[in-house]
Each structure stands twice: as C-alpha cells, then as structure tokens.
Amino acid sequence: MDLLKELVASLPSASLCGPVPFMAAVKAALLKRGVAAERIRYEVFGPDRELATA
C-alpha cells in the first residue's frame with residue numbers, strides 16, 4: 001500500500017513553493033503517483049524553465 005499515493009489522490013490540488021530543484025523533485029514525485037499536472041500549482045520567484053519541463 002502506497003500511503004502517499006492514497007493521500008495525494010484525495011487532495012483537490014497540490015501547491016508548491018520553494019527552490020526550483022525542490023519543486024521539480026516534488027512535482028515529478030506527484031506525477032509519478034498519478035496526480036494530474038493540472039492539479040499541481042507552483043509559485044516561482046525567478047525563472048521556471050527547469051520546472052516547466054520536469
């Protein structure tokens with residue numbers, strides 16, 4: 001049983017804020033666990049090229 005997968009599946013959205021490498025890793029993990037990309041929101045203070053392609 002993947003408890004994290006069950007938890008994130010029940011959330012309406014995920015909001016990320018922090019350093020781009022951190023957000024890229026979290027976004028990739030959420031996508032891997034089946035969270036739809038449109039449910040992942042993030043706020044970047046600077047360029048977000050790395051996150052957009054993660």
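Just the heavy atoms: all of them, side chains too, but no hydrogens, waters or symmetry mates, feed the values below. Counting from 1, the numbers follow the sequence of the chain as shown.
- The two atoms that bring Glu43 and Met23 nearest to each other are O-CE, 3.6 Å, heavy atoms only.
- Partners of Ser13 under the side-chain hydrogen bond (donor to acceptor under 3.5 Å, both in side chains) rule, at least two apart in sequence or in another chain, are Arg41.
- Here Pro21 pairs with Pro19 under the side chain to side chain contact (heavy atoms under 4.5 Å, CB included) rule; sequence neighbours left out.
- Evaluation of the side chain to side chain contact (heavy atoms under 4.5 Å, CB included) rule for Val35 yields Val8, Leu30, Arg39, Ile40 as partners, not counting sequence neighbours.
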